[in-house]
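One structure is given here, and the rest of the page talks about it.
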Amino acid sequence: MEIVKLKKQSKTPKYRQIIASIENAIVKGDLQKGDKLPSLNVIKNKHSLSRDTVLTAFNDLKNRGIINSVVGKGFYVSSVDVKLQQKIFVLFDELNSFKEDLYNAFLSNLGSHIDVEIYFHHFNINVFNKLINENAGNYSSYVIMPANLKNTHNSIQNLPKDKVFILDQIHEDLTGYPAIYQNFEKDIFTGLETVLKKLVDYEKLILLYNDDKQPKGILNGFLKFCKQYNLQSEILESLQDRKPKKGEIFIILDDKNLIRVIKKIKEEQLILAKDVGIISVNDTILKEVVENGITTISTDFNLMGKKLAEMILNDDKIKVENPSRLILRKSL
């Protein structure tokens, strides 16, 4: 069966004719999912084409997720949905409630014929590198959340530069890529400054901070704020071996520590807001109702997802700083 048919007199570029031939064979049922395609050399020699022409056609189909390649064996049909226009690789650090909001907003603002596959590196540089290297060349766009991992550029540079979008944190070696990001240092400083009059009623500000997982900008913004306004401060990794004391206010970056602090406040028979204050980073629906409402400093994750989708759809090579604000509730 002849899969690829070309018209020499056609004004349509040869690589586009190859794409159309394979798509037509799939629609007609001549090619099924899992079927092997004719090799690059077979198509090249039969139609007197350059290898680059055939490879361009195959790469288009590959980036859309319609075919895939197996090293040493060739190309195979991986999807019979020829309407797929893009296939997007998304690499997050971890999944939690606010990143789920971001991801859902991203999906809802993409077109119906765009396929998205999500992966997680869990702050492990070896997993990060493995996932990128294994998937290089298989997608039309790459959304990368490097978190605070170091030297991520070493792997990211193996991806097509014009197809990469950086999400959430920008490292110095990634400034050449389009991005939608949070300005963590400014956001934490400005958020705390918004409630400065309330903070001075407490004796000490305590930041629960994990250097392995959390943005350095938050630490820098916190220290800068406390120094500028001459406020007593302390940095803790967790509260597992310490009890909250009257007059302290906790800035908490993850939900596990948030629950631990609330539990310990109750165990010490302290009153939230009156004796001990809490500010949580990253807003969720849960924080609207827990203890009648937890004050948060948070970016707009729905907006971040929407803007990311728009950047990819419009192929915008820009950097966008996502806005943040403090939401005052009963915990302060």
Under 3.5 Å, which donor-acceptor pairs link side chains of residues 211-226 to any protein atom two or more places apart or in another chain?
from   : atom 1 : to     : atom 2 : distance (Å)
Gln214 : OE1    : Asn210 : N      : 2.5

- Message: Could you tell me if Lys287 and Thr296 have a donor-acceptor pair between their side chains, going purely by distance under 3.5 Å?
- Response: no
- Item | Main-chain N/O of Glu172 paired to Thr175 side chain as donor or acceptor, under 3.5 Å | yes
- Query: Should Asn322 and Gln182 be marked as a side chain to side chain donor-acceptor pair (under 3.5 Å) after you check the CA-CA gap, both sets of side-chain angles, and the distance that decides it?
  - Reply: CA-CA 6 Å; Asn322 210 55; Gln182 298 186 63; over 6 Å; no
- Closest approach of Ala147 and Gln169, non-hydrogen atoms and distance? C-NE2, 3.3 Å
- Query: Parallel under 30°, tilted from 30 to 60°, perpendicular over 60°: which one fits the rings of Tyr119 and Tyr139?
  - Reply: perpendicular
- Message: Checking the side chain of Asn124 only, and the main-chain atoms of Val127 only, is there a donor and an acceptor separated by less than 3.5 Å?
- Response: yes
- Please check if the side chain of His121 supplies one atom and the backbone of Lys130 the other of a donor-acceptor pair under 3.5 Å. no
- Message: For Asp254, is there any backbone N or O sitting under 3.5 Å from a side-chain donor or acceptor partner on Asn257?
- Response: no
- Message: Could you check whether Asn133 and Asn158, counting side-chain N and O atoms only, form a donor-acceptor pair closer than 3.5 Å?
- Response: yes
- Query: Does the distance from a Lys or Arg side-chain N to an Asp or Glu carboxylate O, for Lys186 and Glu321, drop under 4.0 Å?
  - Reply: yes
- Aromatic ring pairing Phe189/Tyr229, orientation class (parallel under 30°, perpendicular over 60°, tilted between): tilted
- Task: State whether Tyr177 and Lys161 meet the cation-pi test: NZ (Lys) or CZ (Arg) under 6.0 Å from the six-membered ring centroid, and within 45° of the perpendicular axis.
- Result: yes
Please list every donor-acceptor pair under 3.5 Å in which a side-chain atom of residues 325-332 meets a protein atom from a residue at least two apart or in another chain.
from   : atom 1 : to     : atom 2 : distance (Å)
Arg329 : NH1    : Asp283 : OD1    : 2.9
Arg329 : NH1    : Ile294 : O      : 2.9
Arg329 : NH2    : Asp283 : OD1    : 3.4
Arg329 : NH2    : Asp283 : OD2    : 3.2
Ser331 : OG     : Ile278 : O      : 2.7
Ser331 : OG     : Thr295 : N      : 2.8
Ser331 : OG     : Thr295 : OG1    : 3.4

- Query: Are the side chain of Asn135 and the backbone N or O of Asn138 linked by a donor-acceptor pair below 3.5 Å?
  - Reply: no
- Task: Taking the side chain as every heavy atom from C-beta outward, state whether Thr53 and Ile43 have any pair of such atoms under 4.5 Å apart.
- Result: no
- Message: Can you tell me how the ring of Phe106 sits relative to the ring of Tyr103, calling it parallel under 30°, perpendicular over 60° and tilted otherwise?
- Response: tilted
